[in-house]
Amino acid sequence: KQIEASLRQREAMLAATMYAAEQFLKSSDWRLSMEHVLEYLGKAFHASHAYLFEHSVGADELEYSTLKYEWTAPGQVNDFDRPHYQVPNPISMDEGSTDHDLRQGRIFSGNLSTFPPAERDRLFHLGVKAMMEVPLFVDGKWWGTLGVDDFENEREWSNAEVDALKILVGILSSAIQRQDAETAVRESERIYRQAIEAAGAVPYYRNYK
C-alpha cells in the first residue's frame, strides 16, 4: 500500500509539472497562466497555499520581496488579506533565515519541529505548520521564490514533492527568460524603426556573395 501511495503521488507530481510546462509554452505571457498553475500545484500537493514571490529594488536600493500570485485552499485565509503581505518586505540577510538559504540556492523545507530558530516564531505567528520554498533564478540572479505551505498539518515533504517543485521552478525560469528575450527584441526593433524614420532613411540589404 505504501508503494502504491508513493507511485500515485509521483504520478500527481509528474502531472503537475507537465501541466505547468504546457501552460507556459502555449502562452506568450507566463503571467497569464500563473494562477492556473498555482491552483493545479496547490491541489496536487494538498497544500493550504501555493504562491510566487517576486523581487524588486526599492528607492532605498534595498531588495524587497512581494507576494504576486497565490492560490488558497477552500477554508483558508488568503494571504493577500494579511497586512504582512500587503506591502513589499525587505529580504533578510541574516544567517539562519529563510532568505539566506534561498539566496544561496538552497531549498527551504521544514515544519514547526524543524524550522530554524530565526524563523520559527515568525512562521508560527503566521499559522504555518509546514512549508517548502524553492528559489527562482533568472540569468543567474535570485528573481523570486515559488512555494507551498500547510496550515493544517505538520508534515514532511516527500522527495517526489521536492523534485516536482524544483522542476516547476526550472520551467518557470525558462518561461521568464524567453519572454524577457522576446520583449528585448521587440524593443530593439521599435528603436531601430524610430531611428530610421527620424533620419528619413531607407534600410536595405546587400548580399556580397
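Counting from 1, the numbers follow the sequence of the chain as shown.
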**Item:** Hydrophobic cluster membership, L52 vs V138, 4.5 Å side-chain cutoff
**Value:** yes

**Message:** Please say yes or no: joined through hydrophobic side-chain contacts below 4.5 Å, possibly via intermediate residues, are L146 and V148 part of one cluster?
**Reply:** yes

**Message:** Tell me if a side-chain donor or acceptor on E70 pairs with a main-chain N or O of D79 at a distance below 3.5 Å.
**Reply:** yes

**Asked** Shortest non-hydrogen contact from A44 to A12?
**Response** CB-O, 4.3 Å

**Fill in**
dist L136:CG -> K141:NZ (nearest 0.5 Å) comes out at 13.0 Å

**Item:** Y51 vs K68 side-chain heavy atoms within contact, under 4.5 Å
**Value:** no

**Message:** To check you understand the geometry: which heavy-atom pair defines the closest contact between V128 and F151, and what is its length?
**Reply:** CG2-CE1, 3.5 Å

**Message:** Let's go through L126 and Y85 carefully: what are the C-alpha distance in whole Å and the side-chain angles of both, what is the deciding distance for side-chain contact (heavy atoms from CB on, under 4.5 Å) to 0.1 Å, and is it a yes or a no?
**Reply:** CA-CA 11 Å; L126 289 173; Y85 295 110; 3.4 Å; yes

**Asked** Among pairs that include at least one residue of residues 110-131, which meet ring-ring contact (aromatic ring centres under 6.0 Å, His included), considering only residues two or more places apart or in two chains?
**Response** F108-F115

**Prompt:** Any luck finding a side-chain donor-acceptor pair between Y69 and E54 under 3.5 Å?
**Reply:** no

**Message:** Taking I176 as the starting point, is it possible to reach L38 by hopping between hydrophobic residues whose side chains are less than 4.5 Å apart?
**Reply:** yes

**Pairs satisfying side chain to side chain donor-acceptor pair (under 3.5 Å), at least one member in residues 151-171, at least two apart** = Q9-S158, Q9-E161, Q76-E152, N111-E156, S113-E154, D150-R155, R155-E161, S158-E161

**Prompt:** Are L165 and L41 side-chain neighbours, meaning at least one heavy-atom pair lies under 4.5 Å?
**Reply:** yes

**Request:** Using modelled atom types only, decide if a donor and an acceptor are shared between the side chain of H49 and the backbone of V77 within a distance under 3.5 Å.
**Result:** yes

**Complete:** When rounded to the nearest 0.5 Å, the distance separating CD1 of I91 from OH of Y64 is 10.0 Å

**Asked** For the atom pair CG (D101) and OG (S109), what is the distance rounded to the nearest 0.5 Å?
**Response** 11.0 Å

**Fill in**
Rounding to 0.5 Å, atoms CZ (R106) and OG1 (T98) come to a distance of 11.5 Å

**Asked** When rounded to the nearest 0.5 angstrom, what distance separates CZ in R103 from OG in S97?
**Response** 9.0 Å

**Asked** CD of Q104: more than 12 outside heavy atoms within 6.0 angstrom?
**Response** yes

**Message:** With clusters defined by side-chain heavy atoms of hydrophobic residues (ILVMFWY) lying less than 4.5 Å apart, directly or transitively, does W71 cluster with M34?
**Reply:** yes

**Prompt:** Any ion pair linking E119 and R122 (charged N to carboxylate O, less than 4.0 Å)?
**Reply:** yes

**Item:** M13 CE to L168 CG distance, which is reported to the nearest 0.5 Å
**Value:** 9.0 Å

**Beyond-backbone contact of S173 with Q177, side-chain heavy atoms, under 4.5 angstrom** = yes

**Message:** Using the rule that Ile, Leu, Val, Met, Phe, Trp and Tyr join whenever any side-chain heavy atoms are under 4.5 Å apart, tell me whether I107 and L112 fall into a single cluster.
**Reply:** no

**Asked** Within a reach of under 6.0 Å around CD of Q86, are more than 12 heavy atoms found that belong to other residues, nucleotides or ligands?
**Response** yes

**Request:** Among residues two or more places apart or on two chains, list those pairs meeting side chain to side chain donor-acceptor pair (under 3.5 Å) that have a residue in residues 14-29.
**Result:** D29-Q179

**Prompt:** Where the side chain of D99 meets the backbone of S92, is there a donor-acceptor pair that is under 3.5 Å apart?
**Reply:** yes

**Item:** More than 12 heavy atoms of other groups within 6.0 Å of H36 NE2
**Value:** no

**Prompt:** Is the closest side-chain heavy-atom distance between D149 and F45 below 4.5 Å?
**Reply:** no

**Request:** Tell me whether the centres of the aromatic rings in W142 and H55 are closer together than 6.0 Å.
**Result:** yes

